[in-house]
Amino acid sequence: MNDVATLLTRYPAIAALAETDRERLLAPARWMAVPAGSVLFDERQGCEGFPFLLEGSVRVSKRSPSGRELPLYRIIAGETCILSASCLLGRADYNARGVAETPLRLMLLPAPVFDQLLTVAAFRDFVFHLFAERIADLMQLVEEVAFRRLDQRLAAVLLGKGRVLHVTHQQLADELGSVREMVSRLLKGFADQGLLKLSREQVEILDPAGLRALAGGAG
């Protein structure tokens, strides 16, 4: 499947555009292959266009002056980036960082064409629907961080990834927006309770039911 066909499959809203509007979108498009680990955008950086992700995943996070990082959301194929839309609509710079978690294939719609297509009702509805979905996700994140204990959140992160996780304490801390020392202390506590076994860059789940109870607030 070529890139255009993949784009139309991943993004039905684009396939549903009138042919003339679809051609306006495709003609100036920039098709890009991006290696894993690449920084796609960073704080105080201008937005060059609106991305459509064909393959791979992107992690969007906010970093504090001390270096702590709070994951905001992930973008997978078929989704796009609310921060990019917000920067383009508000003529503002990015206020978070986007990093390729895997090799990416994407299409970048230049900013001037994005502005032009906002006059097309179907494209405008697509962008505003994106805002609605992501705002709901971010509100859930706010609720998690503000009202749920770190041990509950850590237990939830450990579940659903198989019995053996090949992950560092720092990676778990980054995912939770915490610091490694706190996560290491909690993991040791989980191990002392018999919930899991720790080894170098590996966590083995011994008691999934116990972790689920803790994640649900019963611990």
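Numbers here simply count residues along the sequence, with the first being 1. In this text the structure is predicted, and so the values were computed from the model without any measurement.
- Counting heavy-atom neighbours within 6.0 Å of K197 NZ, excluding the residue itself, gives a total of 12 or less.
- A salt bridge is defined here as a Lys NZ or Arg NE, NH1 or NH2 lying under 4.0 Å from an Asp or Glu carboxylate O, and K62 with E43 meets this definition.
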Decide salt bridge (charged side-chain N to carboxylate O under 4.0 Å, His left out) for R212 and D207; before the verdict, give the C-alpha distance in whole Å, the side-chain angles of both, and the deciding distance to 0.1 Å.
-> CA-CA 9 Å; R212 278 193 294 272; D207 184 1; over 6 Å; no

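- R10 contributes no side-chain N or O that, together with a main-chain N or O of A77, makes up a donor-acceptor pair within less than 3.5 Å.
- The residues R63 and D174 are annotated as not salt-bridged, no charged nitrogen and carboxylate oxygen being separated by less than 4.0 angstrom.
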Can Q193 and F190 be said to form a side chain to side chain contact (heavy atoms under 4.5 Å, CB included), step by step?
-> CA-CA 5 Å; Q193 296 173 57; F190 290 177; 4.1 Å; yes

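- Side-chain contact annotation: Y73 with S61, donor-acceptor N/O pair under 3.5 Å absent.
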Yes or no on salt bridge (charged side-chain N to carboxylate O under 4.0 Å, His left out) for E79 and R134, after CA distance, side-chain angles and deciding distance?
-> CA-CA 10 Å; E79 299 178 345; R134 285 301 185 196; 2.9 Å; yes

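- A salt bridge links R97 to D42: one of the charged nitrogens lies within less than 4.0 Å of a carboxylate oxygen.
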List the steps and the verdict of side chain to side chain contact (heavy atoms under 4.5 Å, CB included) for M32 and L108.
-> CA-CA 8 Å; M32 304 168 62; L108 189 70; 4.1 Å; yes

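- When all heavy atoms of A215 and L159 are compared, the closest pair comes out as CB-CD1, 4.3 Å.
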Yes or no on side chain to side chain contact (heavy atoms under 4.5 Å, CB included) for C47 and Y94, after CA distance, side-chain angles and deciding distance?
-> CA-CA 7 Å; C47 181; Y94 282 106; 3.2 Å; yes

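- Annotation for K188: atom NZ does not count as buried by contact number, only 12 or fewer foreign heavy atoms lying within 6.0 Å.
- Using a 4.0 Å cut-off between a side-chain N of Lys or Arg and a carboxylate O of Asp or Glu, R163 and E204 do not qualify as a salt bridge.
- Nearest heavy-atom pair across P12 and T9 is CD-O, 4.0 Å.
- Using a 4.0 Å cut-off between charged nitrogen and carboxylate oxygen, E48 and R30 count as a salt-bridge pair.
- In this model, no donor atom of one side chain and acceptor atom of the other lie less than 3.5 Å apart for T168 and E201.
- With a 6.0 Å radius and a threshold of 12 heavy atoms from other residues, nucleotides or ligands, E19 has its CD atom at or below the threshold.
- When all heavy atoms of L25 and V113 are compared, the pair lying nearest together is CA-CG1, 4.5 Å.
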Might you work through the side chain to side chain contact (heavy atoms under 4.5 Å, CB included) test for V58 and T102, ending with a clear yes or no?
-> CA-CA 7 Å; V58 177; T102 65; over 6 Å; no

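- Within the 3.5 Å criterion, the main-chain N or O of R180 finds a donor-acceptor partner in the side chain of S184.
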